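Below: one structure, written as structure tokens.
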Amino acid sequence: MQVNVFDTPQAAAKSLAAEVAELIRSRAAQGRPAVLGLATGATPLPFYAELIRMHREEGLSFAHVVTFNLDEYCGLPREHRESYWYFMHHNLFDHIDIKPENVNLPSGTLNADEIPAHCAAYEQKIKDHGCIDIQILGIGRTGHIGFNEPGSDDTTITRQVHLDDLTRSDAAPAFGGKDNVPASAITMGVATIMGARRVALMAWGAKKAPIVKKAVEGPVTADVAASYLQKHPNAAFYLDKAAAAELA
Ligand code: GLP
């Protein structure tokens with residue numbers, strides 16, 4: 001696994017965004033879409049800001065880009081401030097020329113009995129696009145990627161999951177209290193993520209240093225979903241110095 005350490009999150013995000021821009025441009029030159037797997041959370045914000053800057057200042061076009069987001073909270077309508085639909089539109093899609101029909105996120109407003117078929121269709125739609133060219137990831141303090149909480153092994157695909165207590169505590173401030181944080185979510189599985197051609201995980205700050213160490217140097221285990229990336233043929237971590245501080 002590649003581990004790239006940068007002085008600042010901005011420098012790391014700029015490097016990753018340049019790689020993604022190169023992919024988008026080379027695919028457009030071939031008349032083929034680039035398929036991006038996208039993530040939410042505070043971590044990818046400088047990366048999205050850099051993509052928007054390249055769109056505005058350098059003419060980077062997303063007209064041929066298809067996106068699949070990792071996950072969505074169950075029970076949140078699109079217009080809810082904490083929905084990942086809202087997050088992605090507010091922080092990226094509303095500022096670039098992506099076609100609305102090329103944007104894919106799991107739905108947050110399904111009845112329980114509709115969820116399995118929705119998840120199967122989401123997984124199939126990714127396969128119909130060949131595969132994800134590059135999957136962008138953050139990491140939760142439980143080691144989750146997407147919402148693959150401890151216990152998620154590398155056979156898991158898109159499905160409904162219960163959120164870990166630590167994950168809900170971390171999300172509590174944004175929701176005005178832990179009781180308001182949804183209990184479950186729909187997430188791509190570890191196998192879905194491992195199916196991407198390339199995987200790029202970003203992490204910033206000292207709070208992430210212990211879990212980054214486990215993911216990069218610990219045993220490959222379902223207890224830390226991100227540890228499976230050690231087995232991916234083309235995975236890279238993009239870290240700032242604080243997040244990398246505990247690595248040997
Ligand atoms: C949520 C998301 C993850 C994200 C994690 C970390 O749980 N489902 O995809 O990586 O939060 O968030 P942050 O980047 O804000 O630390």
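Read the numbers this way: they start at 1 and go in the same order the structure lists the ligands and their atoms. Just so it is clear, the structure is predicted and the values come from calculations on it, not from any experiment.
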Electrostatic pair Arg159-Glu123, nearest N-O below 4.0 angstrom: no

I'd like to know if the side chain of Tyr238 pairs up with that of Glu19 as donor and acceptor (distance under 3.5 Å, no hydrogens or angles considered). yes

For Phe147, counting its heavy atoms only, list the atoms of ligand 1 lying under 4.0 Å from any of them. 1 (C), 7 (O), 8 (N)

Going by heavy atoms, is Arg141 under 4.0 Å from ligand 1? no

If we only consider heavy atoms of Tyr84, is any one of them less than 4.0 Å away from an atom in ligand 1? yes

Near Gly138 (heavy-atom distance under 4.0 Å), the atoms of ligand 1 are 10 (O)

Go through ligand 1 atom by atom and flag the ones less than 4.0 Å from a non-hydrogen atom of Asp71. 8 (N), 9 (O)

Check this for me, if you would: do Asp133 and Arg198 make a salt bridge, where the nitrogen-to-carboxylate-oxygen distance has to be below 4.0 angstrom? no

Could you check whether Phe147 and His144 have their ring centres less than 6.0 Å apart? yes

With respect to Ala42, determine whether any N or O atom, backbone or side chain, lies less than 3.5 Å from an N or O atom of ligand 1. yes

What heavy-atom pair brings Gln135 and Leu38 nearest, and what distance separates the two atoms? NE2-N, 3.7 Å

Got the closest protein heavy atom to atom 4 (C) of ligand 1, with its distance? Thr40 O, 3.9 Å

For ligand 1, which atoms have a heavy atom of Thr43 less than 4.0 angstrom away? 13 (P), 14 (O), 16 (O)

Atom 3 (C) of ligand 1: nearest protein contact (heavy atom, Å): Gly146 O, 3.7 Å

For atom 7 (O) of ligand 1, the protein heavy atom that lies nearest, with its residue and separation: His144 NE2, 2.8 Å

With a 3.5 Å cut-off and no angle check, do the side chains of Asp97 and Ser61 form a donor-acceptor pair? yes

Criterion side chain to side chain contact (heavy atoms under 4.5 Å, CB included) against Leu229, the qualifying member of Leu201, Val190, Ile139: Leu201

Taking the non-hydrogen atoms of Lys208, is any one of them nearer than 4.0 angstrom to ligand 1? yes

Please write down residue, atom name and distance for the protein heavy atom closest to atom 6 (C) of ligand 1. Ile139 O, 3.6 Å

In terms of side-chain geometry, is the basic nitrogen of Lys231 or Asp154 positioned less than 4.0 Å from the acidic oxygen of its partner? yes

What protein heavy atom sits nearest atom 12 (O) of ligand 1, and how far off is it? Gly41 CA, 4.0 Å

Under 4.0 Å between a side-chain nitrogen and a carboxylate oxygen: does that hold for Glu22 and Arg25? no

